[in-house]
2 protein chains.
Amino acid sequence: MNTFEYLLEHNIKPSVQRMAIMGYLDSHRTHPTADEIFNALSPTIPTLSKTTIYNTLKLFVQQGVAQSISIDEKNEHFDANTAVHAHFLCRKCNKIYDAFIKSKKLPGETELKEEGHKIDEAYIYYRGLCRECMEKELNKQNN
Amino acid sequence: MNTFEYLLEHNIKPSVQRMAIMGYLDSHRTHPTADEIFNALSPTIPTLSKTTIYNTLKLFVQQGVAQSISIDEKNEHFDANTAVHAHFLCRKCNKIYDAFIKSKKLPGETELKEEGHKIDEAYIYYRGLCRECMEKELNKQNN
DNA sequence: ATTAATATTTGTAATGAATACAAATTTAGA
DNA sequence: TCTAAATTTGTATTCATTACAAATATTAAT
């Protein structure tokens with residue numbers, strides 16, 4: 001991805017900080033929090049402020065180059081993938097997994113539209129235990 | 001609903017506070033926050049503490065008599081309807097609407113299960129502008 | 001019934017992510 | 001270069017939620 005062009009196309013002036021944050025989000029599809037992004041970029045941009053991270057992420061969401069994920073009640077997570085897709089949070093390791101969505105119609109969508117509501121955003125969240133953590137549990141028992 | 005029996009059936013000892021909170025949740029399907037519940041019950045139970053509200057709601061969620069809705073990034077909302085159903089948050093009036101789900105399979109669910117993850121909870125959230133608020137906007141323009 | 005053990009509730013203090021705000025810096029335009 | 005606007009920064013604040021320990025209520029045992 002050409003971060004510079006991509007931001008410009010979405011009416012975001014590509015400052016050093018914004019490029020760095022977008023670049024990080026694009027290359028780390030791990031749904032990082034504002035804090036994680038700050039810790040990752042702080043060494044290379046020593047003057048970086050956490051407020052800038054928050055401001056920029058809010059701007060990114062507004063301009064449609066990132067989506068905010070509220071699957072984790074503690075922290076807000078961010079995703080450079082703005083397409084509607086499902087997220088799965090593992091309660092053990094707190095990793096967030098993606099899942100593609102095949103169907104065009106999402107559950108309840110038709111009903112809400114028929115009632116006259118205008119839908120702007122859609123999120124599908126799952127929580128549970130991921131495969132990796134389940135395997136770890138099994139190994140513990142067998143030792 | 002017989003609140004007393006209902007709590008007992010779910011291994012929750014029906015104290016005065018718990019009955020009141022469950023009763024409120026059951027009779028007010030408006031997805032209230034902990035604060036709203038506190039303000040509503042505080043007059044009738046003057047000694048009521050906000051910590052009790054939080055403790056009780058957490059217990060309710062654990063025991064499966066309520067679900068927590070994180071559609072609103074400011075506050076956690078609660079719902080006595082524990083069935084999986086979609087929620088729509090109006091960005092203008094902040095009202096949360098329900099929507100029934102017909103299909104048994106939720107988007108992305110099959111993929112996640114095939115990858116070996118165990119799903120315990122599922123949420124479907126929408127955000128946008130509700131019918132009522134859209135009509136208000138139109139009336140403003142026509143005056 | 002009294003006492004002891006347990007569970008629940010309460011109030012205050014602490015936490016911490018997110019925001020407000022104003023000063024400092026950078027960028028763009030004349 | 002100078003001025004205005006935009007962006008960034010740092011600090012202070014907010015506020016929902018949690019931690020914790022004391023107080024109260026409930027249950028069980030003797």
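Throughout, a chain's letter reflects where its sequence line sits, starting with A, and its residues are numbered from 1.
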Non-neighbouring partners of B:E135 that pass salt bridge (charged side-chain N to carboxylate O under 4.0 Å, His left out), sequence neighbours left out: B:R131
Neighbours of DNA chain C within residues 14-37 of chain A, by heavy-atom distance under 4.0 Å: none
Fellow cluster residues of B:I69, listed by chain then number, with links counted only when side-chain atoms sit under 4.5 Å apart: A:I69, A:I71, A:L89, A:I96, A:Y123, A:Y125, B:I71, B:L89, B:I96, B:Y123, B:Y125
Along DNA chain C (nearest heavy atom to each residue), the more 5'-positioned of B:I12 and A:N75: B:I12
Qualifying residues under salt bridge (charged side-chain N to carboxylate O under 4.0 Å, His left out), relative to A:E109, sequence neighbours excluded: A:K113
Residue pairs involving residues 40-53 of chain B (criterion side chain to side chain donor-acceptor pair (under 3.5 Å); sequence neighbours excluded): B:D35-B:K50
Terminal contacting nucleotides, 5' and 3', DNA chain C versus chain B (heavy atom, 4.0 Å): C:dA7 to C:dT12
Basic-acidic side-chain contact under 4.0 Å: A:E132, A:K92: no
Sugar-phosphate only, base, or nothing, as touched by B:E73 at under 4.0 Å among non-hydrogen atoms: nothing
Residues forming a salt bridge (charged side-chain N to carboxylate O under 4.0 Å, His left out) with A:D98, sequence neighbours excluded: none
Sequence-distant partners of B:E5, side-chain hydrogen bond (donor to acceptor under 3.5 Å, both in side chains), two or more places apart: none
Length of the line joining A:K58:NZ and D:dT7:C1', which is rounded to integer Å: 16 Å
Listed once per pair and sorted, the side chain to side chain donor-acceptor pair (under 3.5 Å) pairs that draw on residues 12-29 of chain A, sequence neighbours left out: A:D26-A:R29
Sugar-phosphate, base or nothing in reach of B:K50, heavy atoms under 4.0 Å: nothing
Whichever hydrophobic residues join A:I124 through chains of side-chain contacts under 4.5 Å: A:V84, A:F88, A:Y97, A:I101, A:L106, A:L112, A:I119, A:Y126, B:V84, B:F88, B:Y97, B:I101, B:L106, B:L112, B:I119, B:I124, B:Y126
Interface residues of residues 38-49 of chain B with DNA chain C (non-hydrogen, below 4.0 angstrom): B:T47, B:L48, B:S49
By salt bridge (charged side-chain N to carboxylate O under 4.0 Å, His left out) - contacts of B:E9 (at least two apart): none
B:Y54 vs D:dT18: side-chain N/O to OP1/OP2 distance below 4.0 Å: no
B:E111/A:K102 ion pair, N-O < 4.0 Å: no
